[in-house]
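Some notes on the structure that comes next.
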Amino acid sequence: MREPGERRRSRRGCSPVRPAADAFPRLGHVWADQGYRGAAFHTWARETTGITVEVVQRRDGGFRSTWVKVGTPPPEVPLFAVVPRCWVAERTFAWLGRCRRLSRDYEYLRVCSESAIYLTMAMLLVRRLARPAS
(Lines give C-alpha, C1' and ligand atoms only; values in the text may rest on other atoms or scores of the structure.)
Protein backbone atom coordinates (compact mmCIF):
# COMPACT_ATOMS: atom_id res chain seq x y z
CA MET A 1 0.00 0.00 0.00
CA ARG A 2 1.32 3.41 -0.89
CA GLU A 3 1.18 6.26 1.54
CA PRO A 4 0.75 9.91 0.63
CA GLY A 5 4.07 11.49 -0.32
CA GLU A 6 4.14 13.76 2.70
CA ARG A 7 3.94 10.93 5.25
CA ARG A 8 6.33 8.67 3.35
CA ARG A 9 8.97 11.40 2.89
CA SER A 10 8.53 12.81 6.37
CA ARG A 11 9.42 9.48 7.99
CA ARG A 12 12.37 8.95 5.66
CA GLY A 13 13.63 12.43 6.36
CA CYS A 14 13.92 11.67 10.05
CA SER A 15 16.78 9.25 9.51
CA PRO A 16 19.45 11.70 8.25
CA VAL A 17 18.44 14.55 10.57
CA ARG A 18 18.82 12.69 13.87
CA PRO A 19 22.45 11.53 13.33
CA ALA A 20 23.37 14.99 12.02
CA ALA A 21 21.91 16.59 15.15
CA ASP A 22 23.84 14.14 17.34
CA ALA A 23 27.13 14.64 15.47
CA PHE A 24 26.84 18.43 15.18
CA PRO A 25 25.21 19.85 18.32
CA ARG A 26 25.49 23.44 17.02
CA LEU A 27 23.46 22.60 13.90
CA GLY A 28 20.35 24.73 14.00
CA HIS A 29 19.15 25.19 10.42
CA VAL A 30 18.87 22.82 7.44
CA TRP A 31 18.01 23.50 3.81
CA ALA A 32 16.00 20.74 2.13
CA ASP A 33 14.54 20.13 -1.31
CA GLN A 34 10.83 20.18 -2.08
CA GLY A 35 10.37 16.53 -1.16
CA TYR A 36 10.48 17.57 2.52
CA ARG A 37 7.58 20.02 2.40
CA GLY A 38 5.45 18.11 4.91
CA ALA A 39 4.42 19.90 8.05
CA ALA A 40 4.82 16.69 10.05
CA PHE A 41 8.53 16.51 9.21
CA HIS A 42 9.10 20.19 10.08
CA THR A 43 7.31 19.78 13.41
CA TRP A 44 9.22 16.58 14.22
CA ALA A 45 12.59 18.16 13.39
CA ARG A 46 11.88 21.26 15.48
CA GLU A 47 10.49 19.40 18.53
CA THR A 48 12.85 16.40 18.56
CA THR A 49 16.17 17.86 17.47
CA GLY A 50 15.66 21.62 17.71
CA ILE A 51 16.58 22.04 14.03
CA THR A 52 14.57 24.33 11.80
CA VAL A 53 14.06 23.12 8.23
CA GLU A 54 13.78 25.54 5.32
CA VAL A 55 12.50 24.12 2.04
CA VAL A 56 14.25 25.59 -0.98
CA GLN A 57 11.69 26.05 -3.73
CA ARG A 58 12.06 26.54 -7.43
CA ARG A 59 10.43 29.52 -9.09
CA ASP A 60 7.85 27.32 -10.79
CA GLY A 61 6.95 25.60 -7.53
CA GLY A 62 8.44 22.34 -8.74
CA PHE A 63 6.03 21.96 -11.62
CA ARG A 64 6.77 22.52 -15.30
CA SER A 65 3.10 23.08 -16.15
CA THR A 66 0.11 24.34 -14.20
CA TRP A 67 -3.63 24.54 -14.69
CA VAL A 68 -4.97 27.97 -15.56
CA LYS A 69 -8.45 29.27 -16.32
CA VAL A 70 -9.54 29.43 -19.91
CA GLY A 71 -8.48 32.71 -21.50
CA THR A 72 -5.79 33.38 -18.89
CA PRO A 73 -2.23 33.35 -20.19
CA PRO A 74 -0.03 30.72 -18.50
CA PRO A 75 2.65 32.01 -16.14
CA GLU A 76 6.04 32.32 -17.77
CA VAL A 77 8.54 29.92 -16.29
CA PRO A 78 12.22 29.98 -17.30
CA LEU A 79 13.65 26.73 -18.65
CA PHE A 80 16.71 27.13 -16.45
CA ALA A 81 16.88 28.96 -13.17
CA VAL A 82 19.38 28.76 -10.36
CA VAL A 83 17.68 27.31 -7.29
CA PRO A 84 18.69 29.23 -4.16
CA ARG A 85 21.05 27.38 -1.79
CA CYS A 86 21.35 24.31 -4.06
CA TRP A 87 24.41 25.93 -5.63
CA VAL A 88 26.21 25.71 -2.28
CA ALA A 89 26.30 21.91 -2.39
CA GLU A 90 27.03 21.81 -6.13
CA ARG A 91 29.91 24.28 -5.74
CA THR A 92 31.44 22.22 -2.93
CA PHE A 93 31.24 19.02 -4.98
CA ALA A 94 32.88 20.85 -7.89
CA TRP A 95 35.75 21.96 -5.63
CA LEU A 96 36.20 18.40 -4.41
CA GLY A 97 36.05 17.07 -7.97
CA ARG A 98 39.07 19.17 -8.92
CA CYS A 99 41.23 17.06 -6.61
CA ARG A 100 42.66 14.19 -8.63
CA ARG A 101 42.57 11.72 -5.78
CA LEU A 102 38.85 12.30 -5.25
CA SER A 103 37.93 12.20 -8.93
CA ARG A 104 37.77 8.39 -8.79
CA ASP A 105 36.88 6.06 -5.97
CA TYR A 106 40.38 4.78 -5.22
CA GLU A 107 40.04 4.35 -1.48
CA TYR A 108 39.03 1.01 0.01
CA LEU A 109 38.13 2.30 3.46
CA ARG A 110 35.55 5.01 4.10
CA VAL A 111 37.86 6.59 6.68
CA CYS A 112 40.55 7.10 4.02
CA SER A 113 38.05 8.78 1.68
CA GLU A 114 36.86 11.03 4.49
CA SER A 115 40.45 11.98 5.34
CA ALA A 116 41.12 12.82 1.69
CA ILE A 117 38.08 15.13 1.68
CA TYR A 118 39.28 16.89 4.85
CA LEU A 119 42.75 17.29 3.36
CA THR A 120 41.37 18.67 0.10
CA MET A 121 39.17 21.23 1.86
CA ALA A 122 42.07 22.24 4.13
CA MET A 123 44.30 22.78 1.09
CA LEU A 124 41.57 24.86 -0.54
CA LEU A 125 41.18 27.06 2.55
CA VAL A 126 44.96 27.51 2.95
CA ARG A 127 45.24 28.61 -0.70
CA ARG A 128 42.49 31.15 -0.17
CA LEU A 129 44.02 32.49 3.00
CA ALA A 130 47.46 32.76 1.38
CA ARG A 131 46.07 34.64 -1.63
CA PRO A 132 47.19 38.28 -1.63
CA ALA A 133 44.48 40.83 -0.98
CA SER A 134 43.43 42.72 -4.08
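Quick note: numbers below take in every heavy atom, side chains included, and nothing from hydrogens, waters or symmetry partners.
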So salt bridge (Lys or Arg N to Asp or Glu O under 4.0 Å) across residues 93-103, not counting sequence neighbours, yields R101-E107

Residues passing the side-chain hydrogen bond (donor to acceptor under 3.5 Å, both in side chains) test with S115, sequence neighbours excluded, are none

Those residues at least two apart in sequence (or on a different chain) that pass side-chain contact (heavy atoms from CB on, under 4.5 Å) with L27 are A20, F24, V30, I51

What one should report as the nearest heavy-atom pair of V53 and A45 is CG2-CB, 3.8 Å

Hits for side-chain contact (heavy atoms from CB on, under 4.5 Å) against R128, two or more places apart or cross-chain, chain-then-number order -> W95, L124, R131

Sorted by chain and number, sequence neighbours left out, salt bridge (charged side-chain N to carboxylate O under 4.0 Å, His left out) with R46 holds for none

Applying side-chain contact (heavy atoms from CB on, under 4.5 Å) to T48 and not counting sequence neighbours gives R18, W44

All heavy atoms of T120 vs all of L96, minimum pair found to be CG2-CD2, 4.0 Å

Besides M123, the hydrophobic cluster formed by Ile, Leu, Val, Met, Phe, Trp and Tyr side chains linked at under 4.5 Å, directly or via other members, contains L119

The salt bridge (charged side-chain N to carboxylate O under 4.0 Å, His left out) partners of R110 (sequence neighbours excluded) come to E114

Apart from Y108 itself, its cluster of hydrophobic side chains linked below 4.5 Å comprises L109

